Amino acid sequence: STIHSISSLFNFNLSKDSMYEKQRLVGNIIKKKMLKNLLLDSLTKKGVGFNNYGIFHIGNTIPLTQLYLYPTNFLERFLIRTTYAEEKFKSNNFKLKNLIKSYNNIFEHNAYILNNLPTILKENKNKKSFTYVHLFIPHAPFYYGEEFTVKHVINFENYFAFWKFTNTKIEELLDSINKQGDYRIILTGDHGYRRNEHKENYHYSFTAFKGFDSLALKQIESIQDIGILINAEFK
């Protein structure tokens with residue numbers, strides 16, 4: 001199940017609840033499962049800091065870039081289905097250059113993380129902290145500035161090319177992080193190319209772990225169990 005998979009992850013795997021699949025109201029999910037979630041509640045009680053470099057609000061933190069239309073107040077709920085709301089989010093509060101090219105906002109988000117995350121982690125003085133990073137890549141649009149010019153056609157060939165480009169960028173990022181210290185790292189995604197004509201839509205879930213004990217990893221049966229692992233690592 002990938003429906004609202006991140007809210008499930010932050011609540012110790014809600015996909016096991018037969019009623020969870022029926023909670024498709026976006027406002028309801030973000031209000032009850034993301035702004036208030038079990039993982040951050042537990043980490044806060046343990047004195048663990050939380051850094052949000054994601055694309056929607058988590059707990060009382062704001063995202064690096066609000067790329068998802070998850071309403072957090074009455075006005076956003078009221079406007080959620082309007083063109084105004086869509087353009088506001090896509091352009092990061094009506095930045096002119098992002099209005100002209102709607103995918104610039106996504107590019108800026110990804111580029112900031114890939115270029116700055118090692119420095120951000122190095123400058124973090126709180127060693128007892130959990131940093132959540134959401135890369136909106138290789139998600140469409142298939143674009144990364146001059147390094148990967150936009151491919152407007154959404155098909156498997158273009159996705160695969162962008163996927164390989166993404167892997168190279170991720171490898172460079174992880175190399176930079178590993179050179180500056182020991183971190184426990186989880187790299188995960190919940191799905192691949194959903195329009196895959198090769199009929200392998202659900203075979204792209206991938207998770208890699210660094211710095212975790214092999215016994216601890218045995219409690220992970222699905223991607224949405226990762227919150228359980230993160231919580232257990234902080235005493």
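One is the number of the first residue; the rest follow in order along the sequence. In this text the structure is predicted, and so the values were computed from the model without any measurement.
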In terms of heavy-atom contacts, does [atom1] of [X] have more than 12 from other residues, nucleotides or ligands at under 6.0 Å?
{"X": "I62", "atom1": "CD1", "answer": "no"}
{"X": "Y183", "atom1": "OH", "answer": "yes"}
{"X": "D213", "atom1": "CG", "answer": "yes"}

Between the side chain of [X] and the main-chain N/O of [Y], is any donor-acceptor distance below 3.5 Å?
{"X": "N11", "Y": "L38", "answer": "yes"}
{"X": "H109", "Y": "H134", "answer": "yes"}
{"X": "N231", "Y": "I228", "answer": "no"}
{"X": "E108", "Y": "N105", "answer": "no"}
{"X": "K128", "Y": "K46", "answer": "yes"}
{"X": "K125", "Y": "K122", "answer": "no"}

Closest approach of [X] and [Y], non-hydrogen atoms and distance?
{"X": "L39", "Y": "G227", "answer": "CD1-O, 3.5 Å"}
{"X": "Q219", "Y": "D225", "answer": "O-OD2, 4.0 Å"}
{"X": "N178", "Y": "K210", "answer": "OD1-CE, 3.0 Å"}
{"X": "I185", "Y": "F212", "answer": "O-CE1, 3.6 Å"}
{"X": "I106", "Y": "A140", "answer": "CD1-O, 4.4 Å"}
{"X": "I55", "Y": "P63", "answer": "C-CB, 3.7 Å"}

Working for side-chain contact (heavy atoms from CB on, under 4.5 Å), residues S129 and N51:
CA-CA 8 Å; S129 61; N51 308 302; 4.0 Å; yes
Using the benzene-type ring in the case of Trp, are the ring centres of F107 and Y144 under 6.0 Å apart?
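Yes; Y144 has its ring centre under 6.0 Å from that of F107.
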Are the aromatic ring centres of F130 and F234 under 6.0 angstrom apart?
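Ring-ring flag for F130/F234: false, centres at least 6.0 Å apart.
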Please examine the side chains of E172 and L114, heavy atoms only from C-beta on, and report whether any two atoms are closer than 4.5 Å.
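Contact flag for L114/E172 side chains = no.
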Using ring-ring contact (aromatic ring centres under 6.0 Å, His included) as the criterion, point out the one residue from Y143, F142, W163, F162 that pairs with F148.
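One option only clears the test, and that one is F162.
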Run the numbers on I220 and T207 for side-chain contact (heavy atoms from CB on, under 4.5 Å), then give the verdict.
CA-CA 10 Å; I220 303 297; T207 308; over 6 Å; no
Who pairs with F12 by ring-ring contact (aromatic ring centres under 6.0 Å, His included), at least two apart in sequence or on another chain?
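Per chain and number, F12 pairs via ring-ring contact (aromatic ring centres under 6.0 Å, His included) with no residue.
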F136: ring-ring contact (aromatic ring centres under 6.0 Å, His included) partners, not counting sequence neighbours:
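Only H139 meet the ring-ring contact (aromatic ring centres under 6.0 Å, His included) criterion with F136.
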Given side-chain contact (heavy atoms from CB on, under 4.5 Å), test S222 with N13 step by step and report yes or no.
CA-CA 9 Å; S222 78; N13 196 347; 3.4 Å; yes
Say you draw a straight line from CD1 of I113 to CG of L173; how long is it, rounded to the nearest 0.5 Å?
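That separation rounds to 9.0 Å.
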side-chain contact (heavy atoms from CB on, under 4.5 Å) between T61 and Y132, intermediate numbers included
CA-CA 11 Å; T61 65; Y132 171 76; over 6 Å; no
Under a 3.5 Å cutoff, is there a donor and acceptor pairing between the side chains of T131 and N124?
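Distance-only check fails for T131 and N124.
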